[in-house]
Amino acid sequence: MAEVLRGLEIHPLDPGETAIEAFVLIKLLDAQGETSWSYRTTNRLNREELLGALIVQADVLRKELRDEWDDTDD
């Protein structure tokens, strides 16, 4: 992971937690200096499980953004 994310930090896991799989979304600069997106996964990551996790994360983010929008209407 250090080779892919050289110079970047990832939030640590809570004490007692052990990482077993990972999906990493990466914003990058390509060889021409343009920004782009890429992703990397660990070898054994199950695609159905990944899809479920991404859907949950998208739903959580959507709710947080909606709640922020609702708070600004006061």
message = Can you tell me how far apart CD (Glu34) and CG (Leu28) are? Round to the nearest 0.5 Å.
response = 11.5 Å

task = Decide, yes or no, whether a salt bridge links Lys63 with Asp67 under the criterion of side-chain N to carboxylate O below 4.0 Å.
result = yes

key: side chain to side chain contact (heavy atoms under 4.5 Å, CB included) between Thr18 and Leu13, worked out   = CA-CA 7 Å; Thr18 302; Leu13 296 174; 5.9 Å; no

inquiry  = Side-chain heavy atoms nearer than 4.5 Å, only ILVMFWY residues, links allowed to pass through others: does that put Leu54 and Leu61 together?
reply    = no

query = Does CD in Glu21 sit with more than 12 non-hydrogen atoms of other residues, nucleotides or ligands closer than 6.0 Å?
reply = yes

query = Would you find a donor on one side and an acceptor on the other, under 3.5 Å apart, between the side chain of Thr42 and the backbone of Ala22?
reply = yes

task = May I ask you to check whether over 12 heavy atoms, not counting those of Leu8, lie within 6.0 Å of atom CG?
result = yes

key: Leu45 and Phe23, any side-chain heavy atoms less than 4.5 Å apart   = yes

request  = Starting from the C-alpha separation in whole Å, work towards a yes-or-no answer on side chain to side chain contact (heavy atoms under 4.5 Å, CB included) for Arg66 and Asp70.
outcome  = CA-CA 6 Å; Arg66 186 176 57 243; Asp70 290 343; 4.1 Å; yes

ask   = With a 4.5 Å limit on heavy-atom distance, are the side chains of Thr35 and Leu29 in contact?
value = yes

key: Residues Trp37, Ile26; criterion side chain to side chain contact (heavy atoms under 4.5 Å, CB included); working and verdict   = CA-CA 6 Å; Trp37 289 93; Ile26 306 163; 5.9 Å; no

ask   = If you round to the nearest 0.5 Å, how far is CD1 of Ile55 from CG of Leu50?
value = 9.5 Å

inquiry  = Quick one: does any side-chain atom of Glu17 pair with a main-chain N or O of Asp14 as donor and acceptor, under 3.5 Å?
reply    = yes

request  = Quick one: pull up CG in Asn46 and CG in Leu51 and give me the separation to the nearest 0.5 Å.
outcome  = 10.0 Å

query = Rounded to the nearest 0.5 Å, what separation is found between the OG atom of Ser36 and the NZ atom of Lys27?
reply = 10.0 Å

